[in-house]
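Quick note: numbers below take in every heavy atom, side chains included, and nothing from hydrogens, waters or symmetry partners. Atoms within a ligand are numbered from 1 in the order they appear, just like the ligands themselves. A quick note: this is a predicted structure, and the numbers were derived from the prediction, not measured. Residue numbers run from 1 in the order of the sequence given.
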Amino acid sequence: MKKSTHSALNSFVISFEGTEGSGKSTLIREVGALLNQLGQPSIQTREPGGSILAEKIRNLILESSMNPWTELFLYEAARAEHLNQTILPALERGEIVLCDRFTDSTLAYQGHARGLPWNQIKILNKIATAGIRPRLTVFLDIDPEVGLRRAKDPNRFEAEGVHFQQKVRKGFLKARAERPNSWLTLRSDKLTAPILAKKVVNHLITKRWIKKRE
Ligand code: TYD
């Protein structure tokens, strides 16, 4: 795996996590627009996907059900590709990477919801990301039942129903409990995307990770 030299630069990954229908993609677009207004370069990407080969792997994963281990390795394979093709180059250009789902989705879905061993997934996540962790994980929390009602065009994970989504949500809460200081939890059913985006950007300014425009 390519070794990253990005650590000296002020660039970092923000992951956006949540159960289905939590509104991540709209929020990411809004955050990207606000960063742009502040003159802060960023890219918007997603997992699984975010590079040509990783998008092909995404289609494989989403089109049919498979053994949970196969599923896990495909997510990690897509991630390794995404990291090298898209994330590391953006970090090296000094950009903030806004990523729709990342390693915590694997813990929540394949770990807590599918029941694969949590600590082994952490090891695989670390290998696939060359140890790069999100500086911030924005968790869009929503009642899974409300989220499922909002989600259009259900994928096979959504089709597993509300009980599965509740397990996924518990998985996110478990991952958050392990690194509480790098998580920002927002209730996505109460506020609109532009207001949520302001909260994310204000958090970055308060932490001094980005500068407020003079
Ligand atoms: P997608 O249609 O992008 O769902 P969403 O819009 O809710 O993000 O499909 C991605 C699916 O893949 C989603 O159901 C969550 C699942 N997933 C995992 O199970 N493990 C992972 O590591 C990742 C990144 C996603």
Side-chain angles (χ1 to χ4, degrees), residues 13-31 44-51 53-83 85-87 97-129 132-134 137-172 174-176 186 188-189 193:
V13 176
I14 305 178
S15 61
F16 293 77
E17 300 282 11
T19 50
E20 314 294 336
S22 56
K24 292 176 282 87
S25 346
T26 320
L27 176 61
I28 289 173
R29 279 197 299 277
E30 297 279 347
V31 171
Q44 297 168 36
T45 186
R46 68 170 180 184
E47 289 208 345
S51 77
L53 181 55
E55 289 288 332
K56 288 189 185 162
I57 301 175
R58 173 191 175 89
N59 292 339
L60 270 182
I61 298 171
L62 293 180
E63 83 193 6
S64 49
S65 50
M66 57 188 72
N67 176 277
W69 285 99
T70 313
E71 189 178 282
L72 170 64
F73 284 117
L74 286 177
Y75 278 113
E76 298 295 1
R79 179 162 297 138
E81 189 62 23
H82 181 215
L83 184 91
Q85 295 301 320
T86 306
I87 297 181
V97 175
L98 306 175
C99 193
D100 190 339
R101 299 195 180 281
F102 200 50
T103 42
D104 292 302
S105 274
T106 323
L107 287 169
Y109 282 81
Q110 282 64 51
H112 199 75
R114 292 258 191 260
L116 298 184
W118 189 266
N119 287 331
Q120 290 186 19
I121 294 178
K122 278 170 67 173
I123 294 168
L124 292 177
N125 278 345
K126 196 168 177 185
I127 295 169
T129 58
I132 288 184
R133 283 176 161 179
T137 297
V138 177
F139 177 47
L140 276 186
D141 199 12
I142 191 169
D143 175 347
E145 221 170 315
V146 177
L148 273 186
R149 261 187 266 130
R150 274 194 191 180
K152 344 170 193 76
D153 192 16
N155 66 27
R156 67 183 179 87
F157 293 90
E158 285 149 4
E160 293 199 45
V162 71
H163 181 61
F164 183 78
Q165 292 301 315
Q166 276 158 349
K167 283 204 269 185
V168 171
R169 180 173 177 273
K170 291 248 169 68
F172 281 125
K174 183 174 171 191
R176 181 180 70 179
L186 300 170
S188 72
D189 48 353

- Note on the structure: min-distance protein heavy atom vs atom 10 (C) of ligand 1 -> Pro48 CD, 3.9 Å

- Message: Heavy atoms only, cut-off 4.0 Å: how does Thr106 contact ligand 1, side chain, backbone, both, or neither?
- Response: both

- Item | Nearest-neighbour protein heavy atom for atom 6 (O) of ligand 1, which is reported as residue plus atom name and distance | Lys24 NZ, 4.1 Å

- Query: Closest non-hydrogen protein atom to atom 23 (C) of ligand 1, residue and atom name please, with distance?
  - Reply: Tyr75 CE2, 3.4 Å

- Item | Identity and distance of the protein heavy atom lying nearest atom 19 (O) of ligand 1 | Gln110 NE2, 2.9 Å

- Any sub-3.5 Å donor-acceptor pair from Glu81's side-chain atoms to Ser51's backbone N or O? no

- Item | Arg79 side chain vs Thr129 backbone, donor-acceptor pair below 3.5 Å | no

- Query: Can you find a pair of side-chain heavy atoms, one from Glu76 and one from Asn125, that are under 4.5 Å apart?
  - Reply: yes

- Can an N or O of Glu47 be found at a distance shorter than 3.5 Å from an N or O of ligand 1? no

- Would you say Glu71 contacts ligand 1, with heavy atoms under 4.0 Å as the rule? no

- Note on the structure: Atoms of ligand 1 under 4.0 Å from any heavy atom of Arg79, numbered from 1 in the order shown, are 22 (O), 24 (C)

- Item | Shortest protein heavy-atom distance from atom 13 (C) of ligand 1, along with the residue and atom involved | Glu20 OE2, 3.6 Å

- Item | Glu158 and Arg150 ion-paired at < 4.0 Å | no

- Message: Among all the protein's non-hydrogen atoms, which is closest to atom 9 (O) of ligand 1, and how far away is it?
- Response: Asn155 ND2, 3.2 Å

- Task: Identify whether the distance between the nearest side-chain nitrogen and carboxylate oxygen of Arg169 and Asp143 falls below 4.0 Å.
- Result: no

- Part of Arg46 with heavy atoms under 4.0 Å of ligand 1, whether side chain, backbone, both or neither: neither

- Main-chain N/O of Cys99 paired to Gln44 side chain as donor or acceptor, under 3.5 Å: no

- Query: Do Arg101 and Tyr75 have a side chain donor and acceptor closer than 3.5 Å?
  - Reply: no

- Paired with Arg114, the side-chain contact (heavy atoms from CB on, under 4.5 Å) test is passed by just one of Trp69, Phe164, Tyr109, namely Phe164

- Mark up the atoms of ligand 1 that fall under 4.0 Å of a heavy atom belonging to Arg101, in ascending order. 5 (P), 7 (O), 8 (O), 13 (C), 15 (C), 24 (C), 25 (C)

- Query: Does Arg156 come within less than 4.0 Å of Glu71, counting only side-chain N to carboxylate O?
  - Reply: yes

- State if Arg58 counts as touching ligand 1 under the rule of any non-hydrogen atom under 4.0 Å. yes

